[in-house]
Amino acid sequence: MRALKFLAIVLFGATIAWAKPTIYILATGGTIAGGGAGELGTNYTSGTVTVDKLIAAVPEINKIATIKGEQISNIGSQEMNNEVWLKLAKRANELLKSGKADGIVITHGTDTMEETAYFLDLVVKSDKPIVLVGAMRNSDSLSADGPLNLFNAVNVAMSKDSVGKGVMVVMNDEIHAAREVTKTNTTSVDTFKSPNTGKIGTVFYGKVKFYMAPTRKHTKNSAFDIAKIESLPRVDIIYNHSNDDPDFVNTAVANGAKGIINAGMGNGNPYPSVLEALSEAVKKGVIVVRDSRVGSGETTAGGEVDDSKYGFLTSDNLNAQKARVLLMVALATTNDKDKIQKYFLTH
Ligand code: ASP
């Protein structure tokens, strides 16, 4: 009888151990890895804490998953660049494809988290969850938000309900889709919002609930594949305002920009001299995408600007930094304007 009980316990334990998912934490830096803070944690340096220390700070995650950490970079995300993007995307792709990882959590600074998230959403070929997470308060700060955010991110990355949802951002108990999410406040922990669609779910002390799913093409169904991308072309964003001048457009073209995202006023309206410079840029072969500086809503084709006359594309409702990511990825694979416009309407 005793022997039987012992066997049952061993088998039960083995089942639990077997059922534990493997989650890779790919660390890139940011405030979640920030430290060396002064009084109250207000002044600090991003990207000083290593991935091992990040994991050790949240022992609870080792109880629910087999956690493996890798340091991809250790930078403030204002320093994020194409090189790190390509390295991150290729590594995530490899880990998910090979079956080594059941899900991936990427620790990242909040400044450019939305750009990295959308880049990965467009190029990584997997259904498995990829979750970006960060913190608004560094590890030395009062009420640091990093540990609970990381715990929640691991729970989202191992949830069956997360499969097929594309790349997600988990911050402040909320789950956002990569295409939609943007940072809206410089310092508040309640900074990540999805202005056009709202969040897709919540995660409360690890309890994951989804209410919506993204419908645009992403990850497995995306037209793009990181395996085929070795470099990304230059795409500049031009921010418009009253009494503007065309110098920045001309400088972008002179310095070899292959694409320009024009963050126009209102429904993507440029100042007259900027409009003229953009039209000249198109004649030189630069892909110009009309976008808006407003931050939500669609930039409608042919609204107050005759896009077909000027040869401009429009960004649908992507904000300028997201439109830049899509145009870079698109230009890495094609120069066909019709194709690129379709990507903006489907991804
Ligand atoms: N500057 C930091 C970064 O993006 C801010 C943060 O992580 O919250 O890396």
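Only this structure's heavy atoms are used, side chains among them; waters, hydrogens and symmetry mates stay out. Both counts, for ligands and for their atoms, begin at 1 and track the order of listing.
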**Item:** Protein residue, atom and distance nearest to atom 8 (O) of ligand 1, heavy-atom basis
**Value:** Thr110 OG1, 2.5 Å

**Item:** Tyr44 N/O to ligand 1 N/O under 3.5 Å
**Value:** no

**Asked** ligand 1 and Thr112, any nitrogen or oxygen pair closer than 3.5 angstrom?
**Response** no

**Asked** Salt bridge check: are Lys90 and Glu230 linked by an N-O gap of less than 4.0 Å?
**Response** yes

**Asked** What is the closest protein heavy atom to atom 4 (O) of ligand 1, and at what distance does it sit?
**Response** Ser77 OG, 2.5 Å

**Atom indices of ligand 1, in the order listed, that fall short of 4.0 Å to a heavy atom of Ala135** = 6 (C), 7 (O), 8 (O)

**Request:** May I ask you to list the atoms of ligand 1 that are less than 4.0 angstrom from any heavy atom of Gly30?
**Result:** 7 (O), 9 (O)

**Request:** Number the atoms of ligand 1 from 1 as they appear, then name those within less than 4.0 Å of a heavy atom of Gln78, with their elements.
**Result:** 1 (N), 2 (C), 3 (C), 4 (O), 9 (O)

**Asked** Side-chain contact, heavy-atom cut-off 4.5 Å: Ser126 with Thr219?
**Response** no

**Prompt:** Heavy-atom distance to atom 1 (N) of ligand 1: which of Asp111, Thr186, Thr191, Asp145 wins?
**Reply:** Asp111

**Asked** Looking at side-chain heavy atoms only, is the closest gap between Arg179 and Leu318 below 4.5 Å?
**Response** yes

**Message:** What's the separation between atom CG in Asp291 and atom NZ in Lys322, rounded to the nearest 0.5 Å?
**Reply:** 11.5 Å

**Request:** Please report the closest heavy-atom contact between Ala323 and Ser315, naming both atoms and the distance.
**Result:** CB-CB, 4.1 Å

**Message:** Looking only at side-chain N and O atoms, does Thr110 offer a donor or acceptor that is under 3.5 Å from a partner on Lys183?
**Reply:** yes

**Request:** Using a strict 4.0 Å cut-off to heavy atoms of Gly76, name the atoms of ligand 1 that fall inside it.
**Result:** 9 (O)

**Prompt:** Is the shortest distance from a Lys or Arg side-chain nitrogen in Arg137 or Asp140 to a carboxylate oxygen in the other one below 4.0 Å?
**Reply:** no

**Request:** If the plane angle is over 60° it's perpendicular, under 30° parallel, otherwise tilted; pick one for Phe119 and Trp85.
**Result:** parallel

**Message:** Within the structure, is a non-hydrogen atom of Gly134 found at a distance of less than 4.0 Å from ligand 1?
**Reply:** no

**For Thr31, the ligand 1 atoms whose distance to one of its heavy atoms is below 4.0 Å** = 2 (C), 5 (C), 6 (C), 7 (O), 8 (O)

